Number of protein chains: 2
Amino acid sequence: MNIGEVAKKSGLPAKTIRYYEDIGLITPMRDTNGYRSFRESDMHKLAFLGRSRALGFTIEDCRNLLALWNDQDRASADVRAIAKEHLEQIETKISDLQAIRETLSHLVQTCAGDGRPDCPILAKLEKFPT
Amino acid sequence: MNIGEVAKKSGLPAKTIRYYEDIGLITPMRDTNGYRSFRESDMHKLAFLGRSRALGFTIEDCRNLLALWNDQDRASADVRAIAKEHLEQIETKISDLQAIRETLSHLVQTCAGDGRPDCPILAKLEKFPT
DNA sequence: ATAGGGCTTCCAGTAGCTGGAGGGTCAAGT
DNA sequence: ACTTGACCCTCCAGCTACTGGAAGCCCTAT
């Protein structure tokens, strides 16, 4: 399989696939003309990577997950630890964003949004502590 | 005021303050020795920037908000539009993250997390569609 | 022969800083 | 006068995870 077909099947842009090769996540073969030649196993890895990234795992997490995936003797505890850590970061981010949303939606509601210059949003940004 | 004092008062790292000067958000004076010399108005702008960034506005948003703040003839509608747009992006991000959280917390719960290799997390990353 | 599409590499840029090297400046202490 | 240490300066590189684009080779169809 050439990169175009793999891109279509995996849903990942060709650029991204080349990048993943660059950083050593996959190592497709090469045809005599220099084109990358993807095996089923490469395809499989890319799909794995796509799903991991879609769940917000970092590339380094993905690298580790991939290694565990390929290791028949892995302990599920190792996988779980990565996922749990990631989950906690997501939860932190969610609550940070929720706090921002509260502030922001309040401000947007109280701002007249007309032609006059008075604006509680600017007032907040100007005066109140972070 | 030198940069160190400004950093302490504004809570922004000196590096960040220099960066903000680089990209034209502030333009402090210079002493004869080449040191940056910050006026109250610079301090005020930096505090404004710090709070805007803390609410997650992009640098470009900050630039626009700062311009509106300095414009006595602004229309609050312009400020509100920026904030509203930002709010909507935050809300999108929150719900994306919440979806991820649901998936992830379910997986973490169902993974034994012991010494055995069987792992529903890897199974999910391997088999199911994105 | 030529046109088009796909493939290659390499370089640069994105956002918003952050770290570090290499060096000048200043105030206090000896 | 000299040294020490804390400042300050500029410039360059690096971070994440790609993305865009240039320059050029390869393959197929007409």
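For the numbers below, each heavy atom of this structure counts, side chains included, while hydrogens, waters and symmetry mates do not. Protein chains get the first letters and strands the later ones, always in sequence-line order, with residue 1 at the start of each. Computed from a prediction, not measured in an experiment: that's the story for all the values here.
The side-chain contact (heavy atoms from CB on, under 4.5 Å) search around A/R53 returns A/Y20, A/I59, A/C62, not counting sequence neighbours. Partners of B/D31 according to the side-chain contact (heavy atoms from CB on, under 4.5 Å) rule, which considers only residues two or more places apart in sequence or in another chain, are B/N2, B/N33, B/Y35, B/S37. Under the rule for a side-chain contact (heavy atoms from CB on, under 4.5 Å), the partners of A/D114 that lie at least two apart in sequence or sit in another chain are A/A112, A/R116, B/S76. Not counting sequence neighbours, the partners of B/E21 by the side-chain contact (heavy atoms from CB on, under 4.5 Å) test are B/I26, B/P28, B/R30, B/R36. In this structure A/F48 satisfies the ring-ring contact (aromatic ring centres under 6.0 Å, His included) test together with A/W69, sequence neighbours excluded.
Atom P of nucleotide C/dA15 and atom CZ of B/R53 are separated by 11 Å, given to the nearest angstrom. In this structure, B/F57 atom CZ and C/dG16 atom C1' are separated by 17 Å, rounded to whole Å. One can place CZ of A/R18 at 9 Å from C1' of C/dT9, the figure rounded to the nearest angstrom.
Side-chain atoms of B/K45 and B/S41, non-hydrogen and from C-beta on, never get closer than 4.5 Å to each other.
Other residues, nucleotides and ligands contribute over 12 non-hydrogen atoms within 6.0 Å of the CD atom of B/E102.
Minimum heavy-atom separation, A/L46 to A/S10: CB-CB, 4.4 Å. Contact between B/I3 and B/R18 at its shortest, heavy atoms only, is CD1-CG, 3.6 Å. Contact between A/I100 and B/G56 at its shortest, heavy atoms only, is CD1-N, 4.3 Å. For A/M1 against A/E40, the heavy-atom pair with the smallest separation is CE-OE2, 3.9 Å.
For DNA chain D, none of the residues of residues 58-68 of chain B falls under the heavy-atom distance limit of 4.0 Å. Shown for residues 83-100 of chain B: no residue has heavy atoms falling under 4.0 angstrom of DNA chain C. Within a heavy-atom distance below 4.0 Å of DNA chain C, the residues of residues 19-43 of chain A found are A/R30, A/G34, A/Y35, A/R36.
Salt-bridge check for B/R63 with B/E60: passed, with a basic side-chain N closer than 4.0 Å to an acidic carboxylate O. Ion pairing of A/D42 with A/R39 is present here, as a side-chain N (NZ or NE/NH1/NH2) and a carboxylate O approach within less than 4.0 Å.
Rounded to 10 degrees, the angle separating the terminal axes of the helix from C/dA1-D/dT30 to C/dT30-D/dA1 is 30°, with each axis obtained from five end pairs.
Nucleotides of DNA chain D lying under 4.0 Å from heavy atoms of chain B occupy a range whose first and last members, 5' to 3', are D/dC7 to D/dC11.
Sorted by first then second residue, the ring pair (Phe, Tyr, Trp, His ring centres under 6.0 Å) pairs that include residues 75-108 of chain B, not counting sequence neighbours, are B/F57-B/H86.
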Pair up each side-chain donor or acceptor in residues 77-85 of chain B with any protein partner under 3.5 Å, not counting sequence neighbours, and list the distances.
residue: B/R80; atom: NE; partner: A/V108; partner atom: O; Å: 2.9
residue: B/R80; atom: NE; partner: A/C111; partner atom: O; Å: 3.2
residue: B/E85; atom: OE2; partner: B/Q89; partner atom: NE2; Å: 3.2

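The base of C/dG20 sits with one of its N or O atoms less than 3.5 Å from a complementary donor or acceptor on the side chain of B/K15.
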